[in-house]
Structures are given as C-alpha cells and as structure tokens.
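Order of the sequence lines sets the chain letters (A, B, ...), proteins ahead of strands, with each chain counted from 1. Atom set for the values below is all heavy atoms of this structure, side chains included, hydrogens, waters and symmetry mates excluded.
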Number of protein chains: 2
Amino acid sequence: MAVLNERKQKILHAVVTDYIQTAEPVGSRTISRHYQIALSAATIRNEMADLEELGFLLQPHTSAGRIPSQRGYRFYVDSLMDTVQLGKQEENYLRRVFTQLKKMREINQIVQQTAKALSVITRYTSMVLAPQLKRSAFGQMRLIPMNEEQALVVLITDTGYIKNKVIDMPRALSQEELDRIVSFLNTELSGLTISSLTPSRLRKLRRDLYKQVDILDSLFAMLEECSGQQENKVFLGGTSNILDQPEFKDMEKVKHLLTLFEEGEKLSVVLEGAGEGISISIGTENVINEMSDCSLITASYSLHGRPIGRIGVLGPTRMEYARVVAIVEEIVKHLNNLLCSL
Amino acid sequence: MAVLNERKQKILHAVVTDYIQTAEPVGSRTISRHYQIALSAATIRNEMADLEELGFLLQPHTSAGRIPSQRGYRFYVDSLMDTVQLGKQEENYLRRVFTQLKKMREINQIVQQTAKALSVITRYTSMVLAPQLKRSAFGQMRLIPMNEEQALVVLITDTGYIKNKVIDMPRALSQEELDRIVSFLNTELSGLTISSLTPSRLRKLRRDLYKQVDILDSLFAMLEECSGQQENKVFLGGTSNILDQPEFKDMEKVKHLLTLFEEGEKLSVVLEGAGEGISISIGTENVINEMSDCSLITASYSLHGRPIGRIGVLGPTRMEYARVVAIVEEIVKHLNNLLCSL
DNA sequence: GATTAGCACTCACCTGAAGAGAGTGCTAAC
DNA sequence: GTTAGCACTCTCTTCAGGTGAGTGCTAATC
C-alpha cells in the first residue's frame, strides 16, 4: 500500500473532518477555503482524484464532492486523527454522573447507567456488555431451601457479582446435608475462574461427592450454565439517537438496526469479539451485516484489574471518532475506579 | 350522547374495520361495495356526513374519504367490536412458546419472553410491567457475609421472586449474630406484604431488636427500598414493529416514541395506572403525551391468584383491537397457568 | 319522506420540464 | 508543478398540467 504524501494526508484529513461535521460531500473549493492548505481548488481537485483512485475517497456521483471511503476512515483513524480534550462541560457532567453512581451497589445497574451517560454525552447509541460471570472467579456459594422441592442457589464471584438460580431438589434434604455439600464445593472451587469449570472437571468433583449425588446434578447444571456463554447481557442507551443522523433517514436502515438492537445475543458477539484496549471497527469491518453502515468504538472495563465486560458507542461511519474515543477512554477510567471501590 | 341508529352503527363499523386494514381514508363507494349494506354510495355519504358531525368520523381533507375519530374508535371498542377467535397458527405458536418457557425458572425471564412472543404474534410493540416486589408477601430472608464489611441480603417472597442486595456492615458480626437477627426478622415479617413494610412498622421492629442495631439500619434501608416503587421494571418487545405502521413514517413521531421507550419510569406509570382486567386506552386517553397517536391494550397477570404485573400491546390508534384483545387474553391465561406451576 | 343518480367541484398525487447550483475534469497559461 | 477558466454533468427544487378518488348538492325516483 502506497503511503500518502503529506499533502494528500492533509487533504484527506480535511475531507474526513469536514464530512464528519456536515454529512455533505466535500468539494475542492470548500477545502481550499476553510482549511489551511495554500493550494487552489484545482490542485486539490487533482489530489482528490488521486485519492479516489487510491480508494480513500468516493464520489457519490460525477458532479458531487467527495466523501471518505471506509478505507479513508480507517487511514484517518490510524494515522491522522488528532487527540481531543474533553470539554469542561463534558468533564463536569461525567463527574456528576459518577458521584451519583457511587451510591449504587449493583454492578449491573452501574454499568447500565454508565451506558446511558455515554449515550447522552456522545449523542450516539451506546452499548455495554454486562459483567461476564465466566470471567470471574468462584467466590462462594450458598443454598437456601425454599420449600420441599426447591432451593435457591446463590453464587458470589470474587468480583462481587451475584447470580441466583432456583433448582429442583430430587428429594428433601436436611439443612445439614445441604451445608455439607455447599461447604465442600466452596473449598474445592474457591478461586477457580468460572470458565474453567468444564464438564470434565465437574465430573471429577462429582465422583468425590458420590454419596449426595441427587442434588449435585442440579447444582452442576447451574455451574455449567454459568461457564457457558448464556450470560451475555447487553444494555443499550440512547437508541433513539440514531434517528438524528441523516444517514438514517431511510426507514429500512433504521428498522434493521432496531431489530438488531433486540437481538442481545448478536450484539454480545460483536462486543466480545474485540481485544482488550480501545477498538474501532468501521463499516463492514463489523461482522454483523446490519452494522455495515456503522462504526463501533469499544473498550474493556475492569474489576480489580481483570477485564469483565465491554462498553462502546455505535454511530454512523461518519462518527466523530476523535471525540468519541476521548469520551470512551475517560468514561472507562471513571468506571474502573468506581468498580474498584465496591 | 345520542345513541346511533343501527344503520349508522353498521357504517361506522365498516369504516373502522376497513380503515384498520388499509390505513387509507374510506370512501362511500368502498363501503357500499365491500360491506353488506344495501345502500347506494350517496346514502352512505349522507350518513357519513352525519357521523362526522356527531364526532365519530374525521375527514383529512375535503375530497378524501373518512377515518374514525378517537371517539369513533371508542364507540367501536365499547359497542361494535366482534370477538375474534385465535387462528390455528397463532394457537400453535403460543403453545410452543409456553412449552419452551416451562423450562425456565426465573420469573423475570419468563415474563420478558412472554412480551417477546406477544410482539411477534401481534406485530405490534409489547410492554410488560415486571412482577412487582411490593405486591408480594415477605417469604424469607438470608444474610450471606461476603467479607469483613459487606454482606449479601437475599430476600425471597412468597411468590418466589428473589431480590439481592449488598449492604455494608458497620462492624464485623459473627455468623451467630447474623443468624439471630435474620431468624428474628423471618418470624416477625413472615407473610406480610412488602408494601405494608412502612417506615413506622419497621421502627417498631427496630425497638425490639435494639441490641443489634448497627446492621439493622442497612437491612431496613433495603426493606424500605423494596416497599418503595423503585422496582417498576418494564420490558419491551418488538419495538421495531412500530416502524411497519404507515402512521409512523414520520421520523419525529418515531423519535418521540423511541425516546419514551427508554424511560422505564414513565412507562411503568402508564402500565400501573389501569385496573385489573383488560383495559384499552385510545389516543389521548393515555396520560403520556408521546402516546397520543397510540392505543394501548393491557391486562394483569397473576401469581397464585394475586395480580403482580401487567402485560400489554402498544400500537397506532388504528390497531386491530379485536385481534389484539383476543391474543392478550389468551396469553395472560397461558402466563397465569405457567406462573402458578412454578 | 327516504333513496338514488348525476354532476360539478375539490384536493392530493404523479409526471415532466425548466432552471439553479454545486462541483467536476480538462486545457492552456503562468 | 500550479492555477485560472470553462464547458459539462448531475442533483434538487419548483411549477404547471393532468389524473383520479371522493365529496356535496340537486333533482329525479321509488
């Protein structure tokens, strides 16, 4: 891939930033006027024709200005994008939100409210992958009998995440029997990550506890379920914000996206896919078809230094990358801090 | 209010049903043709002019057909609407869904999935008010120490609903102390409805337990929170379905609705407002401004005979009332059955 | 007196033509 | 290598005319 000379980079930068602001194809005149490029429109036209040939720009039709191609955005994000400082207002808003959130205890709620704040401040749609059980370590487990046939299992991870599940008891067990089972499991499993609770490992445990086998089936079924990926909850915020984007004035597109928003499973796949740091996927780089007009900026958040979920912003490919990256980074910092203090 | 003669009723009925199907203003010719009314178009025109004067019909513009007014829909719903049988397909679908749901244990999940099914089958947006803690009775409570400073409270209602909350412990308490507190509360509170746990009642209890007072503050704070209306969670299904309705081709309207969908608090108010049986509110009969173009059909669902939440369908005022009513009734029947068997 | 046929009229909607405006690509001059 | 000039392209808006569905009114009919 030929590297672009400085002038082409400047022009590409100008096209991208202008188009991000206006959502209108950018003409050569606009660039020579509004950006500090001491060149005439004609020269810029030539350069733009080159950029188009190289695949960084697109022309919606012959007599229109240029818009960035997906490749154009990619180059902008990788090499051209300036880092942006948060505004005073935004900083204050975040500070206020997180002081409020400090009062909350439930991690899911905190994360959900964070998503909301993220959508408010970015004016895009936000998505959060809720804390994933399987990334945590086993903490302790309790059994609470509810009646003759059922008991409530409470599983607490080392990260303070709590999961309930009602299970059937094949026969009534005395409190002592239950206590024995539970304390055995607690010592055996303590500190293991949930995802390491593979069926084979559970089978081994079962042999050791052979005498109380009936209830174990139910208990193990629950543990297995936890180590599976069932638990990938996704919260959304600001879904109506997409309607403000001119690229979504087309009902069909909106419909596709809204439908996607209802499919938590699909969304969680997208969010899980990325690595650990901040990640930007543009247009068709997203695996999901419905998102081929969108870009997604995500980052992991952590509890006690261990990444347990992801938070991100979904917008049109024409998204204000620089601003959103700054905001996401800042919000993750806040969120990590807050979660640590729980 | 003048009662309409039979002929006017027939015509109104024809206009409403036709408009519900086509979303187009209904002309006099259409009615004399397609409906069994042995009258010429001209006569029907006269009657329609009367119906308009009486406020049951509206004319979008001079040379268009008529559409039902809000009052027209109201009359239709109250007096004209036929009862509809569910189709074989729909019945089968519901049966299948609920056989699936039987495997689930968590009531919130069941209710949420029911909402989804409701939206699929009606092709409108569905809303469910999740089971309300405050309508249930206290069952039992457990305290699980997590570390030196924190403990997990698990509250189980008689309806099998489970609520977790992490609380701070002012000082480390031994397991025995905790057990004593909890077993005291369990016997004292057993069988009371959550909403009856008023601050004054809690104060009285506190006096009796004066010795262990530190932790009680946290515990009582939790109980108070439960008896408050915090817990009004609303689930939505099929939000993208509104986009299929021609009356929502206008982006502004969609935007308003989507924004409303994000405000759970507002929605819960709407759902809570209605009585116990099936309830239909049309257009501006809904308290919420954003819903003045919509109609909402809701019904309560119950656990052990006690209504604990509401389920409903939101559509345009041009909604297929008869069909939706039939579906909602059927689904509530299924749901009640299922919840009973938990 | 109720019903109907006939007719002029209204209004939304579609279509096609004309004109404006933005921006391009190419050529020739600097 | 850069720029000015110019013809050309293409979209978008506007407007006029035509079409069709449906009405309200009047006069004839049952």
(request) Measure from CD1 on B:Ile44 to P on C:dT3 and round the result to the nearest Å. (result) 11 Å
(message) Has B:Arg310 got a side-chain atom pairing as donor or acceptor with B:Val270's backbone, closer than 3.5 angstrom?
(response) no
(request) State, yes or no, whether a side-chain contact exists between A:Val128 and A:Leu118 at a heavy-atom distance under 4.5 Å. (result) no
(request) Report the distance from atom CD1 of B:Ile67 to atom C1' of D:dG22, rounded to the nearest whole Å. (result) 15 Å
(message) Side-chain N or O of B:Arg33 versus OP1/OP2 of D:dG22: is the shortest distance under 4.0 Å?
(response) no
(request) Can you tell me the distance, in whole Å, between the CG atom of A:Asp18 and the P atom of C:dA22? (result) 15 Å
(message) Without decimals, in angstroms, what is the distance between A:Glu52 CD and C:dT24 P?
(response) 10 Å
(request) Answer yes or no: is there a donor N or O on one side and an acceptor on the other, between the side chain of B:Asn286 and the main chain of B:Gly283, under 3.5 Å? (result) yes
(message) Which is more 5' along DNA chain C, the nucleotide nearest A:Gln59 or the one nearest B:His61? Just name the residue.
(response) B:His61
(request) Report yes if a side-chain nitrogen or oxygen of A:Thr43 is closer than 4.0 Å to either non-bridging phosphate oxygen (OP1 or OP2) of D:dT3; otherwise report no. (result) yes
(request) Rounded to the nearest angstrom, tell me the gap between atom CD in A:Glu47 and atom P in D:dT2. (result) 8 Å
(message) Of the options C:dT4, C:dG23, C:dT24, whose atoms approach the side-chain atoms of B:Asn46 most closely?
(response) C:dT4
(request) Calculate the interatomic distance between B:Leu39 atom CG and D:dC30 atom P; express it in whole Å. (result) 17 Å
(request) Can you tell me the distance, in whole Å, between the CZ atom of A:Arg45 and the P atom of D:dC8? (result) 16 Å
(request) Find the distance B:Asp50:CG to D:dC25:P and express it as a whole number of Å. (result) 12 Å
(request) Please tell me which of the listed nucleotides, D:dT3, C:dG23, C:dT4, lies nearest to the side chain of B:Ser40? (result) C:dT4
(message) Applying a 4.0 Å non-hydrogen cut-off, can you work out what B:Thr62 is touching in the nucleic acid: base, sugar-phosphate, or nothing?
(response) sugar-phosphate
(message) Taking the basic N atoms (NZ, or NE/NH1/NH2) and the acidic carboxylate oxygens, is any pair closer than 4.0 Å for A:Asp244 and A:Arg123?
(response) no
(message) Tell me if the side-chain of B:Arg29 makes a donor-acceptor pair with the base of D:dG22, cut-off 3.5 Å, by modelled atom types.
(response) no
(request) Between B:Arg7 and B:Pro60, name the one whose nearest nucleotide on DNA chain C is closer to the 5' end. (result) B:Arg7
(request) Could you tell me whether A:Arg66 and A:Glu52 have a side-chain N and a carboxylate O separated by less than 4.0 Å? (result) yes
(request) Tell me whether the OP1 or OP2 atom of D:dA21 has a side-chain N or O from B:Arg66 closer than 4.0 Å. (result) no
(message) Does a side-chain N or O of A:Ser63 approach OP1 or OP2 of D:dT11 to a distance below 4.0 Å, or not?
(response) no
